[in-house]
Amino acid sequence: MDAADMGDDLKDVLVTAEDLDRRLGELARQIDEDYAGKEVLLVGVLRGAVMVMADLSRKLRTPLQMDWMAVSSYGSGTKTSGVVRILKDLDQDVTGRHVLIVEDIIDSGLTLSWLRSNLVGRGAASVEIATTLRKPKAAKVAVPVKYVGFEIPDEFVVGYGLDYAEKYRNLPFVGTLSPHVYQK
């Protein structure tokens with residue numbers, strides 16, 4: 001699926017596939033430098049981080065292992081409930097490990113702040129965060145993010161793992177939807 005396949009559902013492309021690929025290469029080089037001589041455990045946050053986790057991991061030269069978590073702070077609506085639930089926990093122990101959380105996007109930072117604290121509390125040697133996208137104006141809590149692909153405006157975005165009603169995750173770029181898609 002690409003921009004042409006979306007017809008009038010696509011409003012704008014914010015980050016192209018080429019820009020994503022280039023920036024992930026830059027981030028991978030920095031991560032390789034920072035983790036020289038260490039093994040890192042990449043922890044992908046399901047489901048949105050699937051694309052970035054796959055692409056970033058293939059660009060890294062650092063020895064690594066991968067695991068996944070699914071967490072939620074949303075109830076039945078679109079507003080955070082303030083309570084974080086683990087829907088799928090890690091299969092591996094993080095004690096003494098260098099953990100790099102891989103995220104698709106950081107909005108409020110509430111869930112990610114909780115997740116980072118949780119992994120530190122489990123005894124990880126270090127916990128850092130890498131994200132494809134960050135919305136600085138949407139932040140409600142300060143979360144130390146070491147690796148940021150792109151800072152974007154506080155708009156609802158889709159593509160590259162991000163969805164609207166489980167659609168558009170497979171877009172190779174990040175874009176915004178036309179209002180008629182979600183104002184039904």
**Asked** Hey, quick one: are Val99 and Leu64 part of the same hydrophobic cluster, counting side-chain heavy atoms closer than 4.5 Å, chains of contacts allowed?
**Response** no

**Asked** Please walk me through it: do Asp163 and Tyr168 pass side chain to side chain contact (heavy atoms under 4.5 Å, CB included)?
**Response** CA-CA 5 Å; Asp163 74 297; Tyr168 309 109; 5.7 Å; no

**Asked** Is there a side-chain contact between Met69 and Leu46 (heavy atoms, below 4.5 Å)?
**Response** no

**Message:** Taking Gly149's backbone N and O only, do any of them form a donor-acceptor pair with Thr132's side chain (distance below 3.5 Å, no angle check)?
**Reply:** no

**Request:** Kindly work out whether a path of hydrophobic side-chain contacts (I/L/V/M/F/W/Y, heavy atoms less than 4.5 Å apart) joins Val127 to Leu27.
**Result:** no

**Message:** With salt bridge (Lys or Arg N to Asp or Glu O under 4.0 Å) as the rule and sequence neighbours excluded, what pairs involving residues 144-153 come up?
**Reply:** Asp34-Lys146, Arg134-Glu151

**Prompt:** Shortest non-hydrogen contact from Leu20 to Phe150?
**Reply:** CD2-CE1, 4.0 Å

**Message:** For a side chain to side chain contact (heavy atoms under 4.5 Å, CB included) check, start with the C-alpha distance between Ile106 and Leu133, then their side-chain angles and the critical distance, and finish with the verdict.
**Reply:** CA-CA 6 Å; Ile106 301 172; Leu133 306 168; over 6 Å; no

**Prompt:** Nearest heavy-atom pair of Leu42 and Ser57: which atoms, and what distance?
**Reply:** CD1-CB, 3.9 Å

**Prompt:** To the nearest 0.5 Å, what is the distance between CE (Met6) and NZ (Lys167)?
**Reply:** 10.5 Å

**Leu177 vs Lys11 side-chain heavy atoms within contact, under 4.5 Å** = no

**Message:** Between Asn170 and Tyr160, do the side chains contain a donor N or O and an acceptor N or O under 3.5 Å apart?
**Reply:** no

**Asked** Does the side chain of Thr131 come within less than 4.5 Å of Tyr147's, by heavy atoms?
**Response** no

**Asked** How about Lys88: does its NZ atom have over 12 heavy atoms from other parts shown lying under 6.0 Å from it?
**Response** yes

**Request:** Might you work through the side chain to side chain contact (heavy atoms under 4.5 Å, CB included) test for Phe173 and Glu18, ending with a clear yes or no?
**Result:** CA-CA 8 Å; Phe173 58 85; Glu18 295 77 20; over 6 Å; no

**Message:** Could you check whether any side-chain heavy atom of Leu112 comes within less than 4.5 Å of a side-chain heavy atom of Ile101, counting everything from C-beta outward?
**Reply:** yes

**Item:** Heavy-atom closest contact (Ser72 atom, Leu87 atom, distance)
**Value:** CB-CD1, 3.7 Å

**Prompt:** Can you tell me how far the CD1 atom of Ile152 sits from the NZ atom of Lys137, to the nearest 0.5 Å?
**Reply:** 13.0 Å

**Asked** Do the non-hydrogen side-chain atoms of Glu166 and Arg47 ever get within less than 4.5 Å of each other?
**Response** yes

**Separation of Ser126 OG from Arg97 CZ (nearest 0.5 Å)** = 11.0 Å

Sequence neighbours excluded and cut-off under 3.5 Å, please list the side-chain donor-acceptor pairs for residues 114-123, or say none.
residue, atom, partner, partner atom, Å
Ser117, OG, Ser113, O, 3.2
Asn118, OD1, Arg122, NE, 2.7
Asn118, OD1, Arg122, NH2, 3.0
Arg122, NH1, Asp89, OD1, 3.0
Arg122, NH2, Asp89, OD1, 2.9
Arg122, NH2, Asp89, OD2, 3.3

**Message:** Which heavy atom of Val174 sits nearest to which heavy atom of Gly159, and what is that distance?
**Reply:** CG2-O, 4.3 Å

**Prompt:** Is the CZ atom of Arg23 crowded by more than 12 outside heavy atoms at less than 6.0 Å?
**Reply:** yes

**Request:** Look at the side-chain heavy atoms of Ile, Leu, Val, Met, Phe, Trp and Tyr, link any pair under 4.5 Å apart, and say whether Leu100 and Leu41 land in one connected group.
**Result:** no

**Asked** Is His98 reaching over with its side chain to a backbone N or O of Ala124, donor-acceptor style, under 3.5 angstrom?
**Response** no

**Asked** Out of curiosity, does Trp68 fall in the hydrophobic cluster containing Val84 (side-chain heavy atoms, cut-off under 4.5 Å, transitive links)?
**Response** no

**Asked** Do Tyr164 and Leu162 belong together in a cluster built from hydrophobic side chains that touch within less than 4.5 Å?
**Response** no

**Asked** Has the side chain of Ser108 got a donor or acceptor atom that lies under 3.5 Å from a matching backbone atom of Leu110?
**Response** yes

**Prompt:** Just by modelled atom types, is the Arg61 backbone N or O under 3.5 Å from a matching donor or acceptor in the Asp32 side chain?
**Reply:** yes

**Prompt:** Does the side chain of Tyr35 reach to within under 4.5 Å of the side chain of Glu128, using non-hydrogen atoms?
**Reply:** yes

**Asked** Which heavy atom of Leu10 sits nearest a heavy atom of Ala3, and at what distance?
**Response** CD2-CB, 3.6 Å

**Asked** So, Lys135 and Glu155, do they make that salt bridge, N to O below 4.0 Å?
**Response** no

**Request:** Please confirm whether the backbone N or O of Val43 pairs with a side-chain atom of Asp67, one donor and one acceptor, at under 3.5 Å?
**Result:** no

**Prompt:** What's the shortest heavy-atom distance between Val145 and Val148, and which atoms?
**Reply:** CG1-CG2, 3.5 Å

**Message:** Do Val45 and Thr111 make a side-chain contact, defined as non-hydrogen atoms from C-beta onward lying under 4.5 Å apart?
**Reply:** no

**Asked** Can you check whether Leu14 reaches Thr176 side chain to side chain, under 4.5 Å on heavy atoms?
**Response** yes

**Message:** Show, in sequence, the C-alpha distance, side-chain angles and deciding distance for Val102 and Ile129, and conclude whether the side chain to side chain contact (heavy atoms under 4.5 Å, CB included) test is met.
**Reply:** CA-CA 6 Å; Val102 180; Ile129 299 165; over 6 Å; no

**Asked** Backbone N or O of Met66 within a donor-acceptor pair of the Gln92 side chain at under 3.5 Å?
**Response** yes

**Message:** Within this structure, what is the CE-CG distance for the pair Met51 and Leu171, rounded to the nearest 0.5 Å?
**Reply:** 8.5 Å

